[in-house]
Amino acid sequence: MKIATDSLAFALDGAARALTLVSAGTSLPAALNSTFDSLRAPPSARGAIQDISYRSMRSWGLSSELMDLLLDAPPQQERLGSLLRISLGLLADASKPYAEHTVVDQAVSACAADRELSRAKGVVNAVLRRFLRERDRLLRTANAAEEALWNYPQWWIDKLRKDWPNQWEDILQTGNARPPLTLRVNRRLGGVEEYLQLLSQQQLEATQLGPWAVRLTQPTPVSDIPGFLQGRVSVQDAAAQLAAPLMQLEPGMRVLDACAAPGGKSVHLLETEDISLVALDNDKSRLARVADNLDRLGFKAELLCGDARHKDWWDGQLFDRILADVPCTASGIVRRHPDIRWLRRPEDARALAKLGSAILDNLWSLLRPGGLMLFVTCSIWPEESELQAEAFCQRHSCVRLPAPRQLAPKSAEGDDHDGLFYALLQKPLF
Ligand SMILES: C[S@@+](CC[C@H](N)C(=O)[O-])C[C@H]1O[C@@H](n2cnc3c(N)ncnc32)[C@H](O)[C@@H]1O
């Protein structure tokens, strides 16, 4: 039996397939793309699959605990476990995204229509109905476990409590909030006030968050954002917008963006000043996204595919400025990528810090005396950020200039940004 692509059953089935891939280690965006392809999901069905998958990642701790309480043993088929967890997460969601009876009915239909899972439709029906009957008791019992209460792995909660003793609860909460859609106004094509007026003419509510940052009250597809396709604005978090101004760019400077893809900061550098930019990344497919961004904004840069730990891509000319937005655990942007907390392992921060340190050491040798290197991460783990910056300064003689350092993620009205780290390092003249 086939299920209609515009039904909730189809979306539940798609989300269950995607989240089974995430449980096996695939990132959620890649899992969604592969699911859309395998189900031949029409564009109209993709939004619901995506929405349910992102929601479910934000309630994965609670729904896993509920499933454990409701079943004697985990289901043998991973996909059945995913379907149950997703449905339990939707039923437990206080914002009630779907009517309860619809979730139960559609989860059973999704199961019945699936040759591998159809025999379990009675179990799905019984488990979900029992949850509805015993909801208060089950939620109380489940929420006694921190993983269920906060929806993060226990090691993440413990680490955050240790690294951020005064802010760990706020940070966990912010990571579960829906991220804002923040835009950066391209100063070359007009000011922020003018752009806010344009938005209000089109009945789009927005607030200014920083010198060039505007947050849309209602998230909108980029194709519907006024001026997006013409390069009037780009999508970029308010904390990420701090990078370009910190670089103290001057006309004609030779600048390296060493871990450039997808190019959010590269184009911001080019909007800020007339510079000669080299954009390097070791991932060819991601580098193509830098090219797309440059095209949309009408900028030029030299794009190089290479490893920032080595010099084989370098032409031997020193740089005046280097932006080192190094790979990291991305623990500061979990509200945008709720799968990250479930995919990372406790040892990842240390391993990525080692990679980051090799990149920083190599880049330092490409900087002219007196030049500036901006070290950035989107992590809130000190070993990748502040401890990395301190260790770097001990290894090399460098001057640390004023910069924001570690920013905690925030989701307050006028203070809404990801958790980024900045260290501005100057190479001595002699
Ligand atoms: C945090 S992202 C950069 C985001 C980008 N600066 C922006 O604002 O859009 C890190 C990038 O580093 C790249 N990368 C990872 N290891 C690298 C290496 N050894 N050399 C160069 N790039 C690397 C990744 O492919 C990824 O695109």
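All values derive from a computational prediction rather than experimental measurement. Order of listing sets the numbers, starting from 1, for every ligand and every atom in it.
- Residues passing the salt bridge (Lys or Arg N to Asp or Glu O under 4.0 Å) test with Asp312, sequence neighbours excluded: none.
- Under the 4.0 Å criterion applied to side-chain N and carboxylate O atoms, Asp13 and Arg17 are assigned as salt-bridge partners.
- For ligand 1, the protein residues placed under 4.0 Å by at least one non-hydrogen atom are Ala258, Cys259, Ala260, Ala261, Pro262, Gly263, Gly264, Lys265, Asp281, Asn282, Asp283, Arg286, Gly306, Asp307, Ala308, Arg309, Asp325, Pro327, Ile359.
- Judged as a side-chain hydrogen bond (donor to acceptor under 3.5 Å, both in side chains), not a single pair has a partner in residues 30-49 (not counting sequence neighbours).
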Result block: side-chain N/O donor-acceptor pairs under 3.5 angstrom for residues 221-233, not counting sequence neighbours:
from, atom 1, to, atom 2, distance (Å)
Arg232, NE, Leu189, O, 3.4

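- Neither side chain, Glu78 nor Ser23, offers a donor N or O lying under 3.5 Å from an acceptor on the other.
- For the ring pair (Phe, Tyr, Trp, His ring centres under 6.0 Å) with Phe375, the qualifying choice from Phe421, Trp364, Phe392 is Phe421, the only one to do so.
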